[in-house]
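Working notes, structure below.
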Amino acid sequence: MEIAVAPGVNICQIFSGGSLGASHEPARSRANVSIRPVASSTKYSSCARGPVRMSWRSPRSQVVTMKVLFSNLSTTESENFPSSLLDKVKMRLGFKEKVETPVTKEEVDEKVREDNEMNQEIGGKLEREVARTRSATLEREKEDDEIASLERDEVHPEVVWGQQEKDKKAEEEKKPVLTSPGFSFSAAGLLFPYHLGVCQCLMENGHLTDTTPLAGSSAGALVCAVVAGGVSMSDAMLATKELSKDCRENGTAFRLGSVLRVFLENFLPEDAHLRVSGRIRVAVTQVFRSPKGLLVDKFDSKEDLINALHTSCFIPGYLAPRPVTLFRNTICVDGGLTLFMPPTAAEKTVKVCPFSAAAYGIKGIEISPDWNPKETRATNRQLLSWALEPADDDVLDQLYEVGYEDASVYVNRLSSLTK
């Protein structure tokens, strides 16, 4: 224990009420303490229970250092040492005990590892965001160069859509094996079961095969990924009901995007991106610099595919509490805003929509309620309500059946034309 003492402090009085002369000679005390000068000579007192050494550096330092050596005290003597005297010294002299704990290499390595993990968890996110922002800026500056083609929709010439270079190449590689016609599925929100019913009927009648090109926006993009990914319609219906149940119990707005992403991660096969690349077109809306529809055809990974589907469904301020999302370093929103029913890679595209197209002035739709009018059908207003808030399971089953029936009308119409 080391104690710094200012000159003039009566050390003996602190311990026992005695005094220390100017010559620093050893003095007896009730504490039986002996003092040993270290600088010049050494004297010991026969009354010491445990030797106490006093040393000083020089008159200039004006500091006297006392060091109490307890090494020769027995356990009993250590326990009986008057702690009140030590407390008094600490109080009078501002004593601070210095405890030195040896540090092992393993402890240092462990600390370094913890620090690295902390940096990755806290600082890493910031670094990635900075890099992403910088990359996004560069990508937007090169945006026009990346678009391989810009085309106008045949039915709606005011709609301009484009494809990036890698999407165009993926489509060209698979085009020799793709057949015609292709099927385009409209944005539909949570009316996903309607599209599933349509697909089931088309597959049963041989109009939808492994070589049929597909395209879609929002819910239509989801059904494209499900069909091309090799998922059965019955399994897709079960997943739809689970997602709808979650939204009914916990809410839809601002959280549907997160729920949808989790379901896609668990539902789609691991090689889904390989199965769908070059065959399906997922529509997204690019916001800057000039708003236009983009068709995504090539997917680098399952995560890239899910990001495209999530972006295609991103209704501003609905899927998440933000107005836009970022896809491939481009600010985007729901694909249905610019490409409600995007064209496929086939020479002819059959468009599918769960709403009454005539009521909205939409042309060129071959599978919709307009081709199969019934008094018992839900109105567009009711359908829009179900598109934003999940309906009960019995309504979802009805939507599936209605989609199947509307597709049957299309199949029968084709059969009558070929006779």
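Worth saying up front: this structure is predicted, and the values here are computed from it rather than measured.
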Discussion item. Using side chain to side chain contact (heavy atoms under 4.5 Å, CB included), reason through L383 and L399 one step at a time and then give a plain yes or no.
Written reply: CA-CA 10 Å; L383 290 173; L399 289 172; 4.0 Å; yes
Under 4.5 Å between any side-chain heavy atoms of [X] and [Y], yes or no?
| X | Y | answer |
| --- | --- | --- |
| L202 | V411 | yes |
| T212 | R279 | yes |
| L414 | H207 | yes |
| D406 | R377 | yes |
| I365 | F340 | no |
| I331 | L326 | yes |
| H310 | L319 | yes |
| M237 | P193 | yes |

Item to complete: Decide yes or no on side-chain hydrogen bond (donor to acceptor under 3.5 Å, both in side chains) for T344 and S184, but give the supporting numbers first.
Response: CA-CA 6 Å; T344 67; S184 175; over 6 Å; no
Item to complete: Report the C-alpha distance between K245 and D393 in whole Å, list the side-chain angles of each, state the deciding distance to 0.1 Å, and finish with yes or no for salt bridge (Lys or Arg N to Asp or Glu O under 4.0 Å).
Response: CA-CA 8 Å; K245 179 182 178 181; D393 286 355; over 6 Å; no
Worksheet item: So does D304 pair up with K298, basic N to acidic O under 4.0 Å?
Response: no
Worksheet entry | Ionic contact status for K348 with E366, cut-off 4.0 Å |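 Salt bridge present between E366 and K348.
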Straight-line distance of [X] [atom1] to [Y] [atom2], nearest 0.5 Å:
| X | Y | atom1 | atom2 | result |
| --- | --- | --- | --- | --- |
| S218 | F192 | OG | CZ | 10.5 Å |
| S186 | I367 | OG | CD1 | 11.0 Å |
| S244 | K241 | OG | NZ | 9.5 Å |
| L305 | H273 | CG | NE2 | 8.5 Å |
| R413 | S416 | CZ | OG | 8.0 Å |
| C199 | Y400 | SG | OH | 9.0 Å |

Which pair of heavy atoms, one from [X] and one from [Y], lies closest together, and at what distance?
| X | Y | answer |
| --- | --- | --- |
| A215 | P343 | CB-O, 3.6 Å |
| V282 | A308 | CG1-O, 3.7 Å |
| A239 | F263 | O-CE2, 3.7 Å |
| A345 | L178 | CB-CD1, 4.2 Å |
| F314 | A320 | CE1-CB, 4.0 Å |
| T330 | Q286 | CG2-CG, 3.7 Å |

What pairs with [X] under salt bridge (charged side-chain N to carboxylate O under 4.0 Å, His left out), at least two apart in sequence or on another chain?
| X | answer |
| --- | --- |
| D370 | none |
| R255 | D246 |
| D235 | none |
| D334 | none |

Which pairs would a plain distance check flag for residues 219-227, meaning a side-chain donor or acceptor within less than 3.5 Å of a matching protein atom at least two apart in sequence or in another chain?
none

Worksheet item: Is there a donor-acceptor pair under 3.5 Å between the side chain of S277 and the backbone N or O of L274?
Response: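 Answer holds: no.
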Worksheet item: Is a side-chain N or O of S217 found less than 3.5 angstrom from the main chain of L339, in a donor-acceptor match?
Response: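 Checking the backbone N and O of L339 against the side chain of S217, a donor-acceptor pair under 3.5 Å is found.
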Practice prompt. Let me see the working for T311 and T325 under side-chain hydrogen bond (donor to acceptor under 3.5 Å, both in side chains), right down to the final yes or no.
Written response: CA-CA 7 Å; T311 303; T325 188; 4.9 Å; no
Item to complete: Would you mind telling me which of N307, I306, L309, I280 makes a side chain to side chain contact (heavy atoms under 4.5 Å, CB included) with F299?
Response: I280
Worksheet item: Can L264 and K302 be said to form a side chain to side chain contact (heavy atoms under 4.5 Å, CB included), step by step?
Response: CA-CA 10 Å; L264 290 174; K302 180 181 176 180; over 6 Å; no
Practice prompt. For F183, check ring pair (Phe, Tyr, Trp, His ring centres under 6.0 Å) against everything at least two apart and list the hits.
Written response: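 For F183, no residue satisfies ring pair (Phe, Tyr, Trp, His ring centres under 6.0 Å) once neighbours in sequence are set aside.
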Practice prompt. Could you check M233 against Y404 for side chain to side chain contact (heavy atoms under 4.5 Å, CB included), going step by step and ending with a plain yes or no?
Written response: CA-CA 11 Å; M233 299 300 99; Y404 189 96; over 6 Å; no
Item to complete: Assign the ring pair F185 / H195 to parallel, tilted or perpendicular, where the plane angle (0 to 90°) is split at 30° and 60°.
Response: perpendicular
Discussion item. Is it true that, when you exclude D271 itself, more than 12 heavy atoms of the residues, nucleotides or ligands shown sit nearer than 6.0 Å to its CG?
Written reply: yes
Practice prompt. Could you tell me whether E303 atom CD has more than 12 heavy atoms of other residues or ligands within 6.0 Å of it?
Written response: no
Item to complete: For side chain to side chain contact (heavy atoms under 4.5 Å, CB included), just list the numbers for L190 and E389, CA-CA rounded to whole Å, side-chain angles, deciding distance to a tenth of an Å, and then say yes or no.
Response: CA-CA 7 Å; L190 295 172; E389 292 294 335; 5.6 Å; no
